[in-house]
Amino acid sequence: MDHPTSEFSEYRKGQATAEESRPDPRFHDDEETTPETPRARRGRALFWLAGAVGLIVVLVLSVQAVGLWPSWRNPFAQETKDRSQPPLLQSIQDLSRYVAAEGNFQVVIDLEKDRKYVPDFLVNQRTLFVGAGRVEAYVDFGKIGDGAIVESADRTSAEVTLPGPQLTEASLDLEKSYVFAEERGLLNRLGEVFGGDPNRQQEVYQLAQERITGAARDSGLVQRAEENTRKMLEGLLRSLGYTQVKVTYTAA
């Protein structure tokens, strides 16, 4: 072992051949690794960040879906604030009206306002309004004076004189009344921007009430009220023992 052989040739200490200084390929990877660039590192970080955010969103939505998390409110949602003042009682009136009939009506108001020699697209205002309202026919028992009720000596018949039925003004039902269509010219719209009329629809409402009240006068509602009141009093007095009952009306 002290002498060099053909397999292990002798060389001086500290020296090696070029072949012996090369790394053994058996102890290294087949592919040579390259250093990671900053762009690659940023891409990988963004990928993991997006994954984490997505996981958090999924978890929060899942918790909210099962009802373990309070419902979120939209920060930009519209809110309604009622700053109205409390109602003020102005008066109390005792009524002695007997409402004998009621009529329900519907009217379509087509109201248009324009100016001559001016195009409609500049100055024009047209409103189609569907108005629903009711009118009551009543007899005011408070106007019955002395001598309005006359009974016979044997207390078997009675005669009652009443004031004629009257009609109330039409009362619009706001839940069933609505603006079907509305057209306004360019100048009308500009006027709304700089200061519109808050009572612009008031004329339409008033016209609908007038039309319904006029229709009630021609509808036979007064005659129906007379007949219903007569039947009511006849039934009431007959239950008290009167066999003959006569009801007449004076001019309203």
Side-chain angles (χ1 to χ4, degrees), residues 82-111 127-180 197-252:
D82 187 2
R83 296 188 176 91
S84 304
Q85 299 296 322
L88 177 62
L89 177 61
Q90 294 183 343
S91 64
I92 296 179
Q93 182 179 1
D94 296 329
L95 299 179
S96 55
R97 297 178 178 179
Y98 172 69
V99 179
E102 181 183 88
N104 297 305
F105 301 86
Q106 186 181 72
V107 62
V108 178
I109 302 298
D110 186 355
L111 185 62
T127 303
L128 289 177
F129 177 75
V130 179
R134 68 176 185 273
V135 177
E136 295 178 349
Y138 67 93
V139 177
D140 191 356
F141 286 171
K143 294 182 178 180
I144 299 178
D146 297 336
I149 302 177
V150 179
E151 62 178 357
S152 62
D154 56 359
R155 301 178 63 89
T156 58
S157 62
E159 182 177 353
V160 182
T161 303
L162 300 176
Q166 302 179 40
L167 297 177
T168 63
E169 294 184 359
S171 177
L172 288 181
D173 188 350
L174 298 182
E175 294 184 355
K176 298 180 180 180
S177 302
Y178 57 92
V179 176
F180 180 77
D197 184 9
N199 299 321
R200 182 167 48 86
Q201 301 295 342
Q202 186 67 24
E203 185 177 0
V204 179
Y205 295 156
Q206 184 176 359
L207 185 57
Q209 289 179 333
E210 293 176 357
R211 294 288 179 83
I212 292 177
T213 302
R217 296 192 187 98
D218 302 330
S219 64
L221 196 60
V222 172
Q223 292 75 12
R224 177 67 65 88
E226 290 181 354
E227 185 66 23
N228 293 341
T229 304
R230 180 180 293 108
K231 290 180 180 179
M232 184 273 296
L233 291 177
E234 289 177 353
L236 177 62
L237 295 178
R238 283 195 175 96
S239 66
L240 297 177
Y242 295 95
T243 57
Q244 295 181 358
V245 179
K246 182 180 180 180
V247 179
T248 60
Y249 294 94
T250 60

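The basis for the numbers below is simple: all heavy atoms, side chains too, and nothing from hydrogens, waters or symmetry mates. Bear in mind the structure is a predicted one, so any value in this text is a computation, not a measurement.
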Ignoring hydrogens and geometry, is there a side-chain-to-backbone donor-acceptor pair from [X] to [Y] under 3.5 Å?
X	Y	answer
T213	E169	no
T243	T156	yes
S239	L236	yes
S96	D140	no
S177	L174	no

For the residue pair [X] and [Y], what are the closest heavy atoms and their distance?
X	Y	answer
P163	T250	CA-OG1, 3.4 Å
A158	L237	CB-CD1, 4.3 Å
F129	Y178	CD1-O, 3.3 Å
N228	A101	ND2-CB, 4.1 Å
Y249	P165	CD2-CD, 4.1 Å
L172	A208	CD2-CB, 4.3 Å

Output the distance between atom [atom1] ([X]) and atom [atom2] ([Y]), rounded to the nearest 0.5 Å.
X	Y	atom1	atom2	value
L221	Q166	CG	CD	12.5 Å
L128	I109	CG	CD1	10.0 Å
L233	K246	CG	NZ	14.5 Å
T229	E234	OG1	CD	11.0 Å
Q244	R238	CD	CZ	8.5 Å
I149	L162	CD1	CG	8.0 Å

With a sphere of 6.0 Å drawn around CZ of R155, does it hold more than 12 non-hydrogen atoms of other residues, nucleotides or ligands?
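No, because the 6.0 Å sphere around CZ of R155 holds 12 heavy atoms or fewer from other groups.
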Has Q206 got more than 12 heavy atoms of other residues, nucleotides or ligands less than 6.0 Å from its CD?
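Not buried by this count: 12 neighbours or fewer within 6.0 Å.
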Charged N-O contact under 4.0 Å between R230 and E227
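Salt bridge flag = yes for E227 with R230.
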Which pairs count as ring-ring contact (aromatic ring centres under 6.0 Å, His included) when at least one residue sits in residues 132-167, sequence neighbours excluded?
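Only Y98-F141 qualify under ring-ring contact (aromatic ring centres under 6.0 Å, His included).
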Start with the C-alpha gap between R97 and T168, add the side-chain angles, then the distance that decides, and say whether side chain to side chain contact (heavy atoms under 4.5 Å, CB included) holds.
CA-CA 11 Å; R97 297 178 178 179; T168 63; 4.0 Å; yes
Starting from the C-alpha separation in whole Å, work towards a yes-or-no answer on side chain to side chain contact (heavy atoms under 4.5 Å, CB included) for V247 and V245.
CA-CA 7 Å; V247 179; V245 179; 4.2 Å; yes
